[in-house]
Each structure stands twice: as structure tokens, then as C-alpha cells.
Protein chains: 2
Amino acid sequence: MLWINKSGPDQRSDYRFISVDLNVITYVDQLMSVVALLQLNSIVGDITHNSSEISRLAAIAVENGATMAMTSELAICGYPPRDLLLEKDFVKRCEQAIARIVSPIPILIGSPMGPMESNNLPSNGVIYCSGNGKIKNLYRKQLLPTYDVFDEARYFEKGNGISIIEDPNLMKLGITICEDAWQHSGHVPSDYDDDPIAQLSNAHDSLSYSINLSASPYHADKEDMRLDVVRSAAVSLNHPYLMCNQVGGNDDLIFDGRSIISWPNGDVIQGPAWKEAIILVNLDMPKNSKIIEINGDECIFKDAKIFSINDKSKNIGGDLDILEAITIGLRDYCNKSDIKSVVLGVSGGIDSAVTAAIACRALGPDAVHGISMPMRYSSGHSKDDAMILIKSLGAHFHQLELSDLQNISEKYLNKLIPIDDSSVNDIYLENIQARLRGLTVMAYANAYGGMALATGNKSELAIGYCTLYGDMCGGYAPIGDLYKSEVYRIARLINEEARDNGKEPPIPESTILKPPSAELKPNQEDQDSLPPYEVLDKILEDWIERGIVNTEFDEKTVSWILKKMKSNEHKRWQMPPAPRVSNRSFGQGWRQPLAAKK
Amino acid sequence: MLWINKSGPDQRSDYRFISVDLNVITYVDQLMSVVALLQLNSIVGDITHNSSEISRLAAIAVENGATMAMTSELAICGYPPRDLLLEKDFVKRCEQAIARIVSPIPILIGSPMGPMESNNLPSNGVIYCSGNGKIKNLYRKQLLPTYDVFDEARYFEKGNGISIIEDPNLMKLGITICEDAWQHSGHVPSDYDDDPIAQLSNAHDSLSYSINLSASPYHADKEDMRLDVVRSAAVSLNHPYLMCNQVGGNDDLIFDGRSIISWPNGDVIQGPAWKEAIILVNLDMPKNSKIIEINGDECIFKDAKIFSINDKSKNIGGDLDILEAITIGLRDYCNKSDIKSVVLGVSGGIDSAVTAAIACRALGPDAVHGISMPMRYSSGHSKDDAMILIKSLGAHFHQLELSDLQNISEKYLNKLIPIDDSSVNDIYLENIQARLRGLTVMAYANAYGGMALATGNKSELAIGYCTLYGDMCGGYAPIGDLYKSEVYRIARLINEEARDNGKEPPIPESTILKPPSAELKPNQEDQDSLPPYEVLDKILEDWIERGIVNTEFDEKTVSWILKKMKSNEHKRWQMPPAPRVSNRSFGQGWRQPLAAKK
């Protein structure tokens, strides 16, 4: 089989592609090898949009000297496509879209791939796209993560071996996809039978480099782990290892980008975090590698810095990274769902303050509506703080005094639930307040076509200190994976960022300093019925993220908290998606039984 | 290794167990082979309860001549244990509980099983329980379903071969677990590499019988498929095949029991549906097999009827089966969560009527509270129908006229959402009504410690004709997997059942006959904005259950409905669990992206 491509906008398009066998393609060309990593923010299921973005970025890459391009994992359909993969023609539509991509250089595209045998599942694969209508299945992912938020064994059949191809400069390269590289460095929860890095290393010492198409979601402190994975592959293979990662938010999964290229000596080039980009890797002269940040139609050109194994990563990290993750999570959720504005209740407390600030950061203040809804137990400072917050953010402030509606609703409900009935649990009176506020926020959202934001944090969601259909109302829960102590840290960071930009810190000091209270009963404070948040959060984190029963604090407190946590599973079943920033979040990857003894 | 067991309550306890090798155990005994299938309703995670139930039923089996007993799949921890399996000591606790079981006969118990190698996942296995403290790993499930509601590859490592053991009468038997038998008859969505039935059949023509420990959830019309699976195994193996299935509801998964024993000629004994039971299979004289239905402490003895391949199944089926499934689903959800009462809004419409009737069937009318909450657009007949329904069910009727609260709430919200604002979507006024009712129902539930029931059906949930935090409020949605046309059929069935029992049919004829309406606007009828339910349901069913775009009806209608369906995914993300009665339900097995182009 001989494929010839003579079309294309510039002189680099005159390649000859020879398919040698099922897994090998040979190209003949005279240029230097410059591989473009297309770090894209794909929209799940939007095959047309994604393929045209792949073309667009590939064309930019060509203009800047690329001889070949590669995308992230499943870039043609976005990761994770979830049950869209079960739709009858979905895989075929991906393949057809790739065949329609026009490009003067070949592109290796992450795509689902039709099954090897009839009645089998499709594969998570890499398709060779010639750019002139010829496509070819190159590789099927071998390690299919099926834990936490990953369900790949549900959708895919694993591939049965490695693939080697030759690039346009006749350099041989090995192909891997995401998890394929992770077994080798041991960063997987349990062992796979295969180790594709070892397979490549054993089989082919003539390889010049290897590539990895990834969709590796962000969580705090994952960056070093991922660097280790890529470096360890480069060391074992004794050649450069190029990992192209997805960027952007898809529901509760957030991808940070940060594609990594590592050389066997530990030298690393890293793509930008939280941005679409092209990383132009010059394999012959690494120092000539470039990074092009893509900001809509704008291209920002940067030199690619090489970090040695001894350099500290120059990327942002820690709390700023978490803040970026949540921001991009909310922004992409809205953009990809065509949501133009958001609305939330603002109480003067820390949770709604941080949520509002993040919403402004994500969508701009003009798209954010904060509603203050004081009731009987709301303190004066709460009302003030809510107003100061929204006004200093520049968002839309609304106030609706609901004390009377609270009184009237209670009076109504007393016909159903008599005041003098001693068997009544008074908690319902607290919940009414949260639910009247929820009703108000939802009414505003429905009336103006916006989305309500839930303001609950992870500590509350864990122990059930949140009201279903009340403060849990909303299409997205920006801080749903932040422990209360993290919410405070992010609040301080938001204020610092404003100060750094010469602006007034939006979150009032009193919001940060006052003792947290739901203000649903007179003089109520969270600390009346809970241990201090430092203690609570440590106990929760130990259990949720490490599966450990904390032994540092009072045993009775610990067991009370874990019991509370387990008995509130039904609330989490109904919570909205929340951007995952921790190692283990409530969401797609949290699958607990309800009617069970836990 | 030689194990001797001389303890136990009767003379049958004097066995000698010889472990020949890792997968083979030999017993010596003089009795006839009577295998007891313990068709149990395990509580997920309640290892102590489940192990004592296994002991109790095994003791009853012994009294009635059993020489060996077997349970359903993962009976020690209930199926599906979901992420409880990730807890560090969970598998060990299961194994330890089995070691503590006292029984005069050996029991083969479905249990998670420690990993084969360190850093591997545990297995879904069968553990041999001597009844005197000795336990032994017998078999690891080979086919791990990972599709629809099943996530077994997430939790388990697959076994690497068959297991043969000898029973107390020196008869050799092969062991399989649930899915292991399904590849053979082709009733799996995609092909597995292995076929354990073929493995058994190829390896061992000296086998006397084989067993299968199952947790095969119910859906309508699955019964014949399961019969086919078991019969096909018996035919291929040329010996009896004994499948013991779990019974009862675990969250949204409902298990019908109906354990099946098939002989190679197609003869079948079937355990009861929807009931705990012991099936005593006399392998030498099948006609002497017995069924003991377990109703709490009461045992009801029945002869086991043998059905030939030509007999129609004598089990209930069709709509009555669906009604039983939902009833047991709700009952077990409440029992296993320690919920004593339920509360729901009753509108006079068909959905709340059927939900209320099912609640009474599941929990008894004294545990059911129906609240009628008329508002501005409620018709007189609706109020009457709601009252007649609840009174004829014998449940608790409450009425709270909410028109004034509706007026007041609207007036309040008009301060936020001006009446003369032409950009406002009036849908918010409809949602307020649903949400005020939701707030009222939740207040009653919270005040008295009951659980609210959501009354939405599958057709509504599909196209989003339901209000988040309104009629979707509730801890469980009994009819959430019934299309509207099914709701009507179940309503008629409930009335027939009452008539058959000499009672007044509880659901008023006018509820069944009047055109369905949400009554959220003046003179509103569902059919104003929707195609007739027969059409809607057919289009939905084709898409949801068969993945087919209906071509029988008007193309524009079909595409409008599928678009509506996809744009309402965010509501289903937050819906409560609903008992699964269809081939594909919204719930654990429905995993769609939200911010996506679908």
C-alpha cells in the first residue's frame, strides 16, 4: 500500500507515506523532526468542533515548523465521553471526522477505534491521520484504568501489544496512551499484567523517541507524580518521551494540561498549565523547542525552557493551582453547556463569598448574580458582608428580605406540623430557611435562564451539614471538593491576588475572621456541634483520601464523625457535580451503597 | 491437610474433609446428596447480620436433610458492596465472619477474597466454610461484568481457571459465579475471552453437577433469558446446574431470587420470586426436592415442582412482576436504612396515586403519609381524587391549602423578578409551585423522621418534565423507571389486585381516565406540549433501551424529544435512586456527560 500526499498549503506537504504493515507506517521527508503536541480543550461529544480545532492547531504548528503533530487522548471526542461511547455510530463518527481533517503534516489523533473482532468493544486508540483523507489505526491502549473516576474497562477492549511507526524523518517512535506509562513507575493503585514501557524498551533499541497521548485529570499534588512517570519512561527507554495532556474542565473532571517532554537525563520541557497550547518539540535541538499558547484566535509565542532534574518546577502549584482548577472547571462547564450567567445566595459567610469570587474569576462579574436573603436569624454583619463582597467583586447584587416569608411559611406548616407536638424534630425549621433560599435562587435562575451555584464545601457535604434542596441547590458546586480549611486558604489567596492586581480585596476580613455559622437558629455557631474545622478536616481527609481512621484525635469524636459521614451518603447521591481537586472527591468516582451498613 | 469436624447438633455432622490441593476438597459421608440453595436477602455491608442469616438458614436446611449448602454471590457482604470493597479491612472482615460460622454441614459462601498476589485486587470468590472454623478459598470469578450497572473490573481481579471440588458424598462438582455462565449462552453485551462453562465441560466429564452463585438483578423479561443461561449450561455440561440467586432490593438494584436448577434434559426447578427461600435439591431423586419459603421466623414448606422445557413458567411475570420489584425495592430500601415512614405529595394524578399505593403495599398504610397541597390551578376533582385515594388506601391523609402561600411567594419574588420584565421566562412560576410542595413534603419528613418519596416517572425524567428540588424531592423514586404508559398499567393492576382481595380499588377511575396534567398553569394538559404518551414512550424506549432512533413516528417529533432528553441530563444527575425494572434505567448504570454535545 502506497499513499502519496501532494496537496497542502506549503512546501512541507510533499511526503510519501508507506504503510509497511498493520502497525507500521513509514514516511520519507528531508526535514528536521519537530513534533507538535496539541494540548487541546476538547468538548465532550462535539466531534465537529474538536476535529476543526485539531486542524486549526495543526496548521499553526505547520507554520512554525512542525513535521508531525499529536493530540491528547481521545481528543476527537473529548475525555471522558462516558456512555456516548455506547451510541451505535459514535466511534464511526469519530473515525470519519478524522478522515475529513485536512493537514499538510500527519497527525496522530487520540480516538475511539472500532473493535478488533466483531462483538468486541471498541478500543481507546491512536489513529494516523494523513491530512488528505487517509486514516489508519495505529495503536490500542493496553492499560485501561478502572478505578476512582475511571471506567475504561466498561467501554474499551485492551490492545494486545505495542506499536512502532516511523515519522516523516524516518525516525522510529513508540506509541503509548496515558495509563500505559503509569505501571512502569508504580503510580497505579494495583498492578497490571503488562508494562508497555518495558515492552517498548525490550523490543526496540532502535527507537528514537516515544509518545504518550494523555487525559490525566488534575488533583492537588499530582504534578510531581506525573513528572516522575514521564521521566521514568524516558530513563528506561533511553530516548525522549513526549506526553501530550488534555486541558480544560469536563463536568467534575479538570485537566491541567502541562504536557511533559522528558529526556533520559531528566531534562524536561513542560507545557503551560490551564491553557490550550502547542508545544513544538525539536528532537534534534531541544533548546530550539517552542511553546505557543493559544488564547482563542491569539497565539502567544514563548521559548520552551528546559528544566533539569535538579530544578524546581516553575509551574504554579499549591493553592493557586486549586483556584485555577476550580475556575476553569466552572468556566468550561458554563461555556460547554452554553450557560451565560450564574446566580447564588450570598450569606456573608465564607463559602458563598469564595464561590462568588470564583464565579467572577471564571465568567466575569457581569455574569454573576449574588442574592442576599436575610431571615430571622441573620446577623447585621452578614447582610453587610454579603453586600460589600458582591459590590467589590463588581457583580450584580440583589437583596430580598425573607423573614416575613419565613414567618408565613412556618405558620402554614404549623397546620401540618403542630407547634406543641413533642415528637417533632425541630431541624425542619432550619431546613425551611435553606429551602426558601434555594427556591428563591432557583426562581431567579429559571426566570433569567442562568444556572444556580451550590455553595457547599466538602466538610459539610461529608457530614451532612447541608440541606438537600436548600443550600445544595445548583447545577454546579464550585467548592464541593474543598474542605472548610481549604476554603479559608483560597479566600485569603483571592484577596492577595486582588491586592497584587492593585484592587480592593473582595472578601471582607470579617467574613474570614468571624466564627462560621449557618445562622439558622439564634446564636448558632458551627463549633457548637462540631469539633474545630482543623480537627474535623483532618479526620475527614484521613478517611476519604487515605482510607485511614484517624488515631490522633479523641476516638469518640472520630467515630462520631465517621458515622455522620456514612449516614449522609444519600445527600451526596443527589449533589451536583463539583470540580475535583483532591485525590478522592465526591462525584463520579465516589460509589457508595446507601441502604447499607457502612 | 486433614480437617475433622465432629461437632454439631445432629448425626449428619460427622464428616471428614480432606483438602487434596489448592482447589480440591474431598469429603467422606454416607448420605444422599441434598444441596441447599440459600436464596438470601443480604444487607450490603452488614457482615454480622448476613453471616448469622447464612447460619440460620443452613441450620434449617440441615434439619430438612441437606448435606451441603451454598449461598448467592457475595452473600456475606450483599451485592453490590460498591466502594465498601475499597475499605482496607473489608475483605478480611468477610473472611473472618465466614470462619466464625457454625454449621454441621459445609457451606459454599459467596465472598470477596484476598488477592492472589500482593498489590493485586481482591477476587469475587467462593469460600468453603466447614462450619467449625476452617475456611478455604475455592474459586475466583473469571468473567467480571463491567457494563450497565456492573463495575466488577473496578473492584476485582479475575480468576485464572476453573475449580472442581468433591462434595460430602464424593460427588465432583464444578464451581462458577454468575456471569461465568452467561458467555456460554451468548447473553452478554460483548464477548469475553473465556467461557468457564466450556472450560468445565472440556476438562471434566467426571463431574456430577455444577453450581453457580449469582446476584443477577431483575429487569422485566429477564426471566426467560436467565432460564436459557442455566439450561444451556446444564445441556453443555451434561449434568445438573444449580444457580442460587440473591433476592431483595439494594438501592436501585432489585433481585428477584428465582434460583434455578436445570437438568440436561431441560427439566427445571425454580425457587420462589421475591422471597427468601431454601431450595433443597435432591440430586439423586429430583422429585424429592423441596422448597422452604422463609418469612422471618416462619418456614413454609412446599414441594418443588419440576417444569419440563415445554412447560410455561408458572412464576408471576409481566406487570405483576414489575409491581413486586418496585414494592420490594422500596420496602428493602426503608428496612435496610431503618426508615419507618414515608411521606409524599398527592395531587390526584396518576403518578402520585401509584406511588402512594406502592408505598402502602411495601410498608403498610400506617407508615404512609399523603399530603394534598392544592394551589391556584388545582382542579376540584384533583383534590377529591387525592383524598379518596389516600383514605381508600387506609394511609394518613393531610391537606394543606397552599394557594395563599403561592400568592405570597410570588409577590415576594416579584421584588427580585419584576412582573413587567419581558426577558423573564415564566416557567419559574410553575417551578415555584412544585418547589413549595417539595418544601412542605420535606418539612413533614424532617419533622417526623420519615423519608420523602419522589413521584416522577421515567418519561418525565427523560424529557425533563419534572422540577429539580420540586417533585423530584425525595430519598427514593419508586416509579422512576416506569414509563408513563406503564404507570397506567400498574395503576389498573393495583386496582385489580384490590378487587381480587375483595377490597375497594384504591385508585379513583377519574385519576386513571382524566387527561394527565401538571396543573401548574390554567387548563394545562401534558398533551398540549407533548405527543401522546404512547408515542413519546415508544420513542424514548427505542432510544434508551435499544439505542435506536425511532423511525416509525414523525422525524421532527423524534428529534425534538431526543434533544429534550439530552438537554435534561443535569436533572438526572441529581435524581434519587429509583428501582430498576427495565433493561436500562436512569441510575447507577446511566453515565452520561453533562457539559457536552450529545
- Hey, are the side chains of B:W573 and A:P576 touching, using non-hydrogen atoms and a 4.5 Å cut-off? no
- Task: Sort B:W543 into side chain, backbone, both or neither according to what part of it lies under 4.5 angstrom from a heavy atom of chain A.
- Result: side chain
- Message: Shorter than 4.5 Å, heavy atoms on both sides: which option in B:I417, B:D46, B:D251 has the most such pairs with chain A?
- Response: B:D251
- Which region of B:N431, side chain (C-beta onward) or backbone (N, CA, C, O), has a non-hydrogen atom less than 4.5 Å from a non-hydrogen atom of chain A, or is it both or neither? side chain
- Query: Between B:I339, B:N120, B:N335, B:I427, which has the largest tally of heavy atom pairs under 4.5 Å with chain A?
  - Reply: B:N120
- Query: Going by the salt bridge (Lys or Arg N to Asp or Glu O under 4.0 Å) test, which pairs reach into residues 77-89 of chain B, not counting sequence neighbours?
  - Reply: A:K566-B:E87, A:R584-B:D83, B:D83-B:R154
- Item | Region of B:D151 that comes under 4.5 Å of a non-hydrogen atom in chain A | side chain
- Task: Let me know if B:D404 has heavy atoms under 4.5 Å from chain A in its side chain, its backbone, both or neither.
- Result: both
- Message: Between B:I47 and chain A, with a heavy-atom cut-off of 4.5 Å, which part of the residue counts as in contact: side chain, backbone, both or neither?
- Response: neither
- Relative to chain B, which segment of A:D338 carries a heavy atom at a distance below 4.5 Å: side chain, backbone, both, or neither? neither
- Query: Do B:L413 and A:L439 touch side chain to side chain, with heavy atoms closer than 4.5 Å?
  - Reply: yes
- Message: Between B:P577 and chain A, with a heavy-atom cut-off of 4.5 Å, which part of the residue counts as in contact: side chain, backbone, both or neither?
- Response: both
- Message: What part of A:E401 gets within 4.5 angstrom of chain B, counting heavy atoms only: side chain, backbone, both, or neither?
- Response: backbone
- Message: Does any backbone or side-chain atom of B:E117 lie under 4.5 Å from a heavy atom of chain A? Answer side chain, backbone, both or neither.
- Response: neither
- Item | Short side-chain to backbone donor-acceptor contact, A:Q574 and B:G474, under 3.5 Å | yes
- Partner chain A: residue of B:A443, B:S337, B:C77 with the largest heavy-atom pair count (under 4.5 Å): B:A443
- Message: Side chains of B:L86 and A:Y147, heavy atoms from C-beta outward: is any pair under 4.5 Å?
- Response: no
- Query: With a 4.5 angstrom heavy-atom cut-off, which part of B:P145 approaches chain A: side chain, backbone, both or neither?
  - Reply: neither
- Task: Measure distances from B:D426 to the heavy atoms of chain A and classify the residue's part below 4.5 Å as side chain, backbone, both or neither.
- Result: neither
